[in-house]
Amino acid sequence: MKETKQETILFSCLGSTDPVRGEHDGPMLHIARHYRPDKILWYLTKEMQMINEKDHRYELAIDCLKKQCPGYEPEILPPCYSSQEDVSDFDGFYDAFYEELLNLSRRYPNAEILVNLSSGTPQMKVTLALLSSTLQFPIRAIQVKNFEKRSGTSERTTSKNYELEYELELNEDAEPGAPCRCSEPQLMLIQRNKRRAQVDSLLQHYDYAALLDMRETLPETVMPLVQHLANRCVYNPAAYMQAKGIREIELYPAGAPNAASYPVYRELSEYILVLKLMQCTGRYTDLVIRLNPLIIRLQKSWLEKEGDVDFSRFGYRDHQGEMIMDPEKIYETAPDFAKLLNARYESRGGFRKGPLNIVFCNYMAEWLKKAGTKQGVLFQNLEKLNKKRNESAHNLKNVTEEEIQKILGYSSSRLIEELIDLLRIIYPQHYRKELFSIYDTANHYILEQL
């Protein structure tokens, strides 16, 4: 398959060295000659606009270039005309250049913008250099060295004695083998790479809130995704609605998304993803503290699926929607289970009415002869870890990776894998492996856009 060339657009101010000076290309024309941009956008001050209106020198220079380079037909976009009165004002051009470059990136999102650093006033050049080093959409800064290798001594193109036809006809840069005087300043590349490294570091730490603070230096095209991730990583339900407007990657890969059970699966899987980020960033105390509600939800779903349990026969939901286990209903439904519970709670005078919890579910798994299964053992280990959670919630001591390994017999990353596998067993119709690497997939996409 033939590889297509990326479209390029030249953004160029026009100054007293354009289009041809001293029988050599001015910077704009020289860049056009050697980079062959598909489109060219000129930025003219009032002085340059008035000069061009008299002899159309810039259009004529491009026409001449097209004759010298058969097959090259650049599109000249409608020029930008400056309203700036003081062309020596450093701050005067920043907003205007920023808007023009941003508009180009929006209109042509797949194009690379070439920026001419050698035409215009010193203030214009410095401003473009600054923007070229900070903007994060595809942009390349190009400098054109003076053919005299020193400050120009030839007559400027703004002089009354300037002869356009003479300069075009005797232009030495149009001769075969004429050297290319273009260069791409490495300092800007270093600055851009430094900014890219900053973004990469934040992505590795899944710090999307900090990325939002860098919005002015990120491509506008990735900002909806960054905003989505910033909400999603803190379990904000707004993230799901935001994802509907993002088409670049599939953010919620799942089977049977229209099934009645999918909202529950999505809720549980998103919670596991939040825990996974805590594990990846070493927030082990947060991980252990946040585990409890998930474990109970998973236990209940697992027992309903594997043990064919109807929890409404063992209890009821209170006015806040919390499941309450009722000793009387348990005795009526399963006297042998009631007997087991009373034996386990003998030191407290037998089982008493209370909220559904990890311990109760583990006793139910024991009653159903499922305590020895892989999942049953997992929940028993999680019960031990939950005791550590209770300690951490009531003191200032942090949970460490070593403590998790001591309790579970394996690492915190393995714990996340076990939770994901448990979800796969309970909801096989919805499970898709790629969901659980979605943050890394999104991070890779964001880096690709820089």
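Note that the structure is a prediction, hence the values are computed from the model and not measured.
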Could you check whether Arg266 pairs with Glu270 (Lys NZ or Arg NE/NH1/NH2 to Asp/Glu carboxylate O, under 4.0 Å)? no

Salt-bridged, Asp326 to Lys329, with N to O below 4.0 Å? no

Report yes if the side chains of Ser12 and Ile40 come closer than 4.5 Å at any heavy-atom pair, otherwise no. no

Side chains of Glu366 and Tyr363 in contact at under 4.5 Å (non-hydrogen atoms): yes

Between Thr333 and Arg313 (side chain of the first, backbone of the second, donor and acceptor by atom type, cut-off under 3.5 Å), is there such a pair? yes

Quick one: does His30's side chain get under 4.5 Å of Tyr35's, heavy atoms only? no

Do we see a donor-acceptor contact under 3.5 Å between the side chains of Gln429 and Ser261? yes

Hey, can you tell me if Tyr265 and His430 have their rings parallel, tilted or perpendicular (30° and 60° cut-offs)? tilted

Between Asp25 and Arg33 (salt bridge meaning N to carboxylate O under 4.0 Å), is one present in this structure? yes

Under 6.0 Å from the CD atom of Glu346, do we count more than 12 heavy atoms belonging to anything else shown? no

Basic-acidic side-chain contact under 4.0 Å: Glu304, Lys300: yes

Which atom pair, heavy atoms only, marks the closest approach of Pro37 to Ile31? CD-O, 4.2 Å

Using 0.5 Å steps for rounding, measure from the CG atom of Leu130 to the OG atom of Ser132. 8.5 Å

Which one of Leu131, Leu10, Leu128 satisfies the side chain to side chain contact (heavy atoms under 4.5 Å, CB included) criterion with Val115? Leu128

Passes side chain to side chain contact (heavy atoms under 4.5 Å, CB included), Leu229 versus Tyr439? Steps please. CA-CA 8 Å; Leu229 295 171; Tyr439 285 97; 3.9 Å; yes

A side-chain contact here means heavy atoms from C-beta on lying under 4.5 Å apart; do Ile139 and Phe11 qualify? no

Is the side chain of Thr285 donor-acceptor paired with the backbone N or O of Val399 at a distance under 3.5 Å, no angle test? yes

Measuring from Thr441:OG1 to Leu251:CG, what's the distance to the nearest 0.5 Å? 9.5 Å

What's the verdict on side chain to side chain contact (heavy atoms under 4.5 Å, CB included) for Glu418 and Lys374, showing C-alpha distance, side-chain angles and the deciding distance? CA-CA 10 Å; Glu418 294 290 342; Lys374 179 183 176 182; 3.4 Å; yes

When you compare the side chain of Arg215 with that of Val226, does any pair of heavy atoms fall below 4.5 Å? no

Can a donor-acceptor pair be found, under 3.5 Å and without considering hydrogens, that links the side chain of Gln380 to the backbone of Ala371? yes

Are the side chains of Met325 and Met364 in contact, using a 4.5 Å heavy-atom criterion? no

Value rounded to 0.5 Å, distance of SG in Cys182 from CG in Leu114: 9.5 Å

What closest approach, in Å, do Pro19 and Leu29 show between heavy atoms, and which atom pair accounts for it? O-CB, 3.7 Å

Considering only heavy atoms from C-beta outward, does the side chain of Arg297 approach that of Tyr271 to under 4.5 Å? no

Looking only at heavy atoms, what is the nearest atom pair of Asp18 and Cys13, with distance? OD2-O, 3.9 Å

Identify the heavy atoms of Tyr262 and Pro257 that sit nearest to each other, and give their distance. CD2-O, 3.2 Å

Regarding Arg232 and the six-membered ring of Tyr208, is the cationic atom NZ or CZ under 6.0 Å from the ring centre and inside 45° of its axis? no

Examine distances only and state if a side-chain atom of Thr373 and a backbone atom of Gly376 form a donor-acceptor pair shorter than 3.5 Å. yes

Please identify which of these residues, Leu41, Ile9, Leu135, meets the side chain to side chain contact (heavy atoms under 4.5 Å, CB included) condition with Leu101. Leu135

Closest contact, heavy atoms only, Gly120 versus Lys125: O-CE, 3.1 Å

Closer than 3.5 angstrom, by distance alone: can the side chain of Ser301 be matched with the main-chain N or O of Leu298 as a donor-acceptor pair? no

How about Gln204 and Asn443: does a side-chain donor come under 3.5 Å of a side-chain acceptor? no

Do other residues, nucleotides or ligands put more than 12 heavy atoms under 6.0 Å from Glu328 CD? no

Do Phe379 and Lys370 make a side-chain contact, defined as non-hydrogen atoms from C-beta onward lying under 4.5 Å apart? no

Other residues, nucleotides and ligands only: do more than 12 of their heavy atoms fall within 6.0 Å of NZ on Lys406? no

Between Asn386 (side chain only) and Leu382 (backbone N and O only), is there a donor and an acceptor less than 3.5 Å apart? no

How about Tyr431 and Asp421: does a side-chain donor come under 3.5 Å of a side-chain acceptor? no

Looking only at heavy atoms, what is the nearest atom pair of Thr17 and Ser118, with distance? OG1-O, 4.4 Å

Determine the interplanar angle of the Tyr43 and Phe97 rings, folded into 0 to 90°, and report it as parallel if under 30°, tilted if 30 to 60°, perpendicular if over 60°. perpendicular

May I ask you to check whether over 12 heavy atoms, not counting those of Tyr72, lie within 6.0 Å of atom OH? yes

Enter the distance from Lys276:NZ to Ser412:OG here, rounded to the nearest 0.5 Å. 12.0 Å

Give the intermediate values and the outcome of side chain to side chain contact (heavy atoms under 4.5 Å, CB included) for residues Arg283 and Leu287. CA-CA 6 Å; Arg283 294 156 55 200; Leu287 167 63; over 6 Å; no

Please report the C-alpha distance between Arg106 and Glu220 in whole Å, then the side-chain angles of each, then the deciding distance to 0.1 Å, and finally whether the side chain to side chain contact (heavy atoms under 4.5 Å, CB included) criterion is met. CA-CA 8 Å; Arg106 289 172 176 169; Glu220 187 178 2; 2.5 Å; yes

So CG of Leu212 and CE of Met223: to nearest 0.5 Å the spacing works out to 5.0 Å

In a check of ring pair (Phe, Tyr, Trp, His ring centres under 6.0 Å) between Phe360 and each of Phe337, Phe314, Phe311, Tyr345, which one passes? Phe337

Does Asn110 offer a backbone N or O that forms a donor-acceptor pair with the side chain of Gln6 under 3.5 Å? yes

How many angstroms lie between atom CG of Leu218 and atom CG of Leu202, to the nearest 0.5 angstrom? 9.0 Å

Tell me whether the count of non-hydrogen atoms from other residues, nucleotides or ligands lying under 6.0 Å of CG in Asp310 goes above 12. yes

Kindly say whether Glu434 contributes a backbone atom to a donor-acceptor pair with the side chain of Ser437 at under 3.5 angstrom? yes

Is a side-chain donor or acceptor of Arg181 paired with a backbone partner of Val144 at a separation under 3.5 angstrom? no

